Amino acid sequence: MKRNSDFTELADDALINLIKSHNQLAFVCIYDRYWSEMYACAFHIFPHRETCEDLIHDVFLYLWTSRERIEIKSLRDYLYIAIKNKSLNKIRAQKHLVELTEDEHEQIGSTSNSEEQMMVKEINTLFERGMLSLPEKCREILFLSRKENLSNKEIASRLNIAPKTVENQINIALRKIRLLMGDFLFFYFIYFFFG
């Protein structure tokens, strides 16, 4: 019987073929090979150790239970996209919970602020502070993009500039705000308010 170490030199496509044949050692090899990369990706978006571990577990559980029907061209790309989507879905799920909490507060006429509402207010304040730190044109472009939901082409037409300039200004603005807020709060804000 092969040991796990016998699989470490195999290419990803060979390992995929083996797990399709129910080979558990090949699966363990894939897990060992990609766990740390997936953790780094998840932690970059959602910096909570136990949550990241749960998300990775969910991705690998799906990979194993779907092994016979799943078609994977690049295992690294598949796992990267899967863990990224799981992490972002977790943020969206939290957004939904906060919205439900706010709706329930309205229904019962509560005037007290929950921890979630306080956090949202603080995150919004940080984002607004970041917006104010931007040059005027950069701030205007980001406002039109994120608050008025205009496309880059529409913004370019309105401001009489090139669409590429709009794209560059948005990237610069988001990079500066991300530095100010930190990765977690930045991604939380983007998906909470614009997701």
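Count residues from 1 along the sequence. These figures come from a predicted structure and were not determined experimentally.
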Q: Between Tyr39 and Trp35, is the gap from one ring center to the other below 6.0 Å?
A: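 So the answer is yes for these two rings.
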Q: Quick check for you: to the nearest 0.5 Å, what is the distance between Ile70 atom CD1 and Thr65 atom OG1?
A: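 Result: 8.5 Å between the selected atoms.
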Q: How far does CE of Met38 sit from NE2 of His57, to the nearest 0.5 angstrom?
A: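 One finds 11.5 Å between CE of Met38 and NE2 of His57.
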Q: Under a 3.5 Å distance rule, please check whether Thr165 uses its side chain to pair with a backbone N or O of Ile161 as donor and acceptor.
A: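 A pair under 3.5 Å: no.
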Q: I'd like to know if Glu71 pairs up with Lys20 as an ion pair, taking the criterion as any Lys NZ or Arg NE/NH1/NH2 lying under 4.0 Å from an Asp or Glu carboxylate oxygen.
A: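 Answer for the salt bridge query: yes.
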Q: Go through the steps to decide whether Phe27 and Arg67 satisfy the test side-chain contact (heavy atoms from CB on, under 4.5 Å), and finish with yes or no.
A: CA-CA 10 Å; Phe27 179 77; Arg67 65 191 177 280; over 6 Å; no
Q: State, with a plain yes or no, whether a side-chain heavy atom of Arg33 is found less than 4.5 Å away from one of Leu15.
A: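 Sidechains of Leu15 and Arg33: in contact.
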Q: Quick check for you: to the nearest 0.5 Å, what is the distance between Lys86 atom NZ and Asp54 atom CG?
A: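 Atom-to-atom, Lys86:NZ and Asp54:CG are 10.5 Å apart.
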Q: In terms of hydrophobic clusters joined by side-chain contacts under 4.5 Å, are Ile81 and Tyr78 together?
A: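 Shared cluster, no.
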Q: Report the relative orientation of the aromatic rings in His22 and Trp64; use parallel for angles under 30°, tilted for 30 to 60°, perpendicular for over 60°.
A: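 Geometry flag for Trp64 against His22: perpendicular rings.
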Q: Do other residues, nucleotides or ligands put more than 12 heavy atoms under 6.0 Å from the CD atom of Gln24?
A: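 Counting neighbours around CD of Gln24, 12 or fewer heavy atoms of other residues, nucleotides or ligands fall under 6.0 Å, so no.
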Q: What heavy-atom pair brings Ala162 and Ala156 nearest, and what distance separates the two atoms?
A: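 Residues Ala162 and Ala156, closest heavy atoms: C-CB, 3.9 Å.
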Q: Rounded to the nearest 0.5 Å, how far apart are NZ of Lys84 and NE2 of His44?
A: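 One gets 9.5 Å once the value is rounded to the nearest 0.5 Å.
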Q: In Å, rounded to the nearest 0.5 Å, how long is the span from OG of Ser145 to CD of Glu167?
A: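 Answer for the OG-CD pair, Ser145 versus Glu167, is 10.5 Å.
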Q: If we only count heavy atoms from C-beta on, is the Leu159 to Leu144 side-chain gap below 4.5 Å?
A: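 Yes. Closest side-chain heavy atoms under 4.5 Å.
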Q: If you define the side chain from C-beta out and look only at heavy atoms, does anything of Ser151 sit under 4.5 Å from Glu154?
A: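 SC-SC contact between Ser151 and Glu154 confirmed.
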Q: Within the supplied structure, the quantity of interest is the number of heavy atoms (other residues, nucleotides, ligands) at a distance under 6.0 Å from Tyr80 OH; does it exceed 12?
A: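 Open.
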Q: For residues 131-139, run the donor-acceptor check on the side chains, cut-off 3.5 Å, and write out each pair with its distance to 0.1 Å, sequence neighbours left out.
A:
residue : atom : partner : partner atom : Å
Ser133  : OG   : Gly130  : O            : 2.7
Arg139  : NH1  : Leu132  : O            : 3.4
Arg139  : NH1  : Leu134  : O            : 2.9

Q: Hey, are the side chains of Gln169 and Glu140 touching, using non-hydrogen atoms and a 4.5 Å cut-off?
A: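 No, side chains not in contact.
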Q: Using the side-chain contact (heavy atoms from CB on, under 4.5 Å) rule, pick out the option among Ile19, Leu79, Leu63 that qualifies with Ile72.
A: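 The single option meeting the side-chain contact (heavy atoms from CB on, under 4.5 Å) with Ile72 is Leu63.
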Q: Compare all side-chain heavy atoms of Asp12 with those of Ser74 and state whether any distance is below 4.5 angstrom.
A: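 Answer no - side chains too far apart.
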Q: Do the side chains of Glu53 and Arg49 get close enough for a salt bridge, i.e. N-O under 4.0 angstrom?
A: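 A salt bridge is present here (some side-chain N lies under 4.0 Å from a carboxylate O).
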Q: Are the side chains of Tyr34 and Arg76 in contact, using a 4.5 Å heavy-atom criterion?
A: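 SC-SC contact between Arg76 and Tyr34 confirmed.
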Q: Are the side chain of Ser87 and the backbone of Ile83 linked by a donor-acceptor contact shorter than 3.5 Å?
A: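 It does hold such a pair.
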